[in-house]
Amino acid sequence: MPLQTVLPRWRGFNLLNFYTPRSDRQFNEEYFRWIAEWGFNFIRVPMDYHLWTPGNSMAKLDEAVLERLDRAVVLGERYNLHISLNLHRAPGYCINPGVREPFNLWKDEAALEAFSMQWQMFSRRYSGIAPDRLSFDLVNEPPQPSPEVMTRGDYERVVRRTVAAIREISPERLIMIEGVAVGNEPSPEMADLQVIQSCRAYIPMGISHYQARWAGGERYPKPVWPGAIHEDGRLWDRKLLEEHYAKWGELARKGVRVHCGEGGCYNQTPHHVFLAWFRDVLEILTAHNVGYSLWEFSGNFGILDSGREDVAYQDWHGHQLDRELLELLQKF
């Protein structure tokens, strides 16, 4: 069957410099250079809008913070890396536990207006950047649809309004929407929008989030692959993974652009289990011609300074490089 051909197979990493107010907002040029030299072509930047929007008001933006974000776009152009900007925390919604917004993006008009204004601001700011160099990933990991929080209809209304707001200013800007159910279920009802749809590579959670306290990872047994447990209680294997990604492959074969914006594994999972599972994930995504972006480049999920206790690290310019993970990624 034909594979996805309408989107470059972006392969790369998430850089977390704008992830939370505690993040270091100084982008390291060496990271961009190494990512390019190692053969990758994509960087996703998850962002918290509070960083440049003091007091939740669009009336006065923190220009000094936005100029630091500009640096990521400049470095992307310098090293031929596509940059994808994502609102990880958006007006009215954030997937992170314990984060509270004063309104609901999916139900409240004021939140949707603020959300659209954020993306219109970026549309104006980066109007001169070519679409193949920069995309907008609207909002990170919409929740499981429910009448109380967000229905599929709510999500579609937010997406269509925001896409239209962006295209008023930047008609050619590449726009990405994420799967509902925390990035795991596509939205074929919005195929006509000609946007990119983004999936995740964290299933089964018993591998990817083993011992991750913020995700309830303490409840999982020590993982093996195949046979790791997911939240649905099933023991997952390659066949179940293939079934899970088949709906995304079908979307791609219908001409919808598909990308995997996040995937990876917390550092408490045995390294050999992580690599065996992730090889299967990457093989499946590649069979659908879908690219990926590892969460993260440097840190607990990353190829640099992950803090794993069962890795023979290579010293890399003062960092601890997981060479085995890097070489696996380079194969796909």
Side-chain angles (χ1 to χ4, degrees), residues 10 12-27 42-54 56 58 61-62 65-66 68-73 76 82-106 111-112 114-119 121-122 125-126 134-144 149-150 155 158-159 162 166 174-184 195-202 208-209 212 214-215 259-264 266 292-302:
W10 290 326
F13 302 88
N14 283 258
L15 294 184
L16 307 191
N17 301 76
F18 273 63
Y19 177 50
T20 73
R22 298 184 301 276
S23 302
D24 175 11
R25 292 184 284 282
Q26 297 286 356
F27 287 97
F42 181 87
I43 288 175
R44 180 174 180 264
V45 182
M47 307 179 298
D48 182 335
Y49 79 104
H50 285 274
L51 293 174
W52 59 85
T53 315
N56 294 341
M58 290 291 289
L61 302 176
D62 191 330
V65 172
L66 289 170
R68 292 183 179 183
L69 184 61
D70 295 344
R71 177 169 164 79
V73 178
H82 183 92
I83 303 298
S84 186
L85 301 180
N86 162 252
L87 281 181
H88 187 94
R89 182 176 183 178
Y93 181 71
C94 182
I95 190 64
N96 288 5
V99 175
R100 295 289 180 266
E101 283 288 308
F103 39 28
N104 181 341
L105 173 59
W106 319 114
L112 176 52
F115 183 66
S116 295
M117 288 175 68
Q118 290 283 343
W119 284 117
M121 178 271 292
F122 284 124
R125 190 174 190 90
Y126 300 124
L134 179 70
S135 60
F136 294 163
D137 180 349
L138 296 187
V139 60
N140 183 71
E141 297 178 350
Q144 178 71 39
V149 179
M150 184 204 78
Y155 184 45
V158 167
V159 167
T162 309
I166 292 170
L174 291 177
I175 300 170
M176 191 176 298
I177 67 171
E178 304 201 359
V180 298
V182 198
N184 287 302
V195 296
I196 304 160
Q197 297 205 26
S198 177
C199 64
R200 289 294 178 267
Y202 291 127
S208 65
H209 286 73
W214 69 91
H259 186 254
C260 182
E262 286 185 29
Y266 187 49
Y292 63 87
S293 181
L294 186 76
W295 185 281
E296 53 201 303
F297 185 66
S298 174
N300 293 333
F301 283 69

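Computed from heavy atoms alone, side chains included, the values below leave out hydrogens, waters and symmetry copies.
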Quick one: does [X]'s side chain have a donor or acceptor within less than 3.5 Å of a partner on [Y]'s backbone?
X	Y	result
Arg71	Phe27	yes
Ser135	Leu174	no
Glu178	Gly183	no

Which atoms form the tightest heavy-atom contact between [X] and [Y], and what is the distance?
X	Y	answer
Val159	Ile177	CG1-CG2, 3.7 Å
Pro21	Asp48	CD-OD2, 3.3 Å
Pro143	Val149	CG-CG1, 4.1 Å
Arg44	Gly261	CD-O, 3.4 Å
Pro91	Glu101	CA-OE1, 3.7 Å
Phe136	Leu134	CE2-CD2, 3.8 Å

4.5 Å side-chain heavy-atom contact, [X] and [Y]:
X	Y	answer
Ile196	Asp137	no
Val45	Asn17	no
Met150	Leu105	no
Thr20	His50	no
Asp70	Arg125	yes
Asn96	Arg89	no

Aromatic rings [X] and [Y]: how do their planes relate, parallel, tilted or perpendicular, breaks at 30° and 60°?
X	Y	value
Trp214	Tyr266	perpendicular
Phe42	Trp10	parallel
Tyr126	Phe122	parallel

Supply the atom-to-atom distance [X] [atom1] to [Y] [atom2], rounded to the nearest 0.5 angstrom.
X	Y	atom1	atom2	value
Leu138	Trp119	CG	CH2	6.0 Å
Phe18	Asp24	CZ	CG	9.5 Å
Leu61	Thr53	CG	OG1	5.5 Å
Glu141	Arg200	CD	CZ	4.5 Å
Leu51	Asp62	CG	CG	9.0 Å
Leu87	Asn140	CG	CG	9.5 Å

Is a side-chain donor-acceptor pair under 3.5 Å present for Ser293 with Asn14? yes
Could you walk me through whether Val158 and Trp106 pass the side chain to side chain contact (heavy atoms under 4.5 Å, CB included) check? CA-CA 7 Å; Val158 167; Trp106 319 114; 3.9 Å; yes
Can you sort out the partners of Trp52 under side-chain hydrogen bond (donor to acceptor under 3.5 Å, both in side chains), two or more places apart, ordered by chain and number?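 Expected list: Gln118.
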Worked verdict on Leu16 versus Trp295 for side chain to side chain contact (heavy atoms under 4.5 Å, CB included): CA-CA 9 Å; Leu16 307 191; Trp295 185 281; 3.5 Å; yes
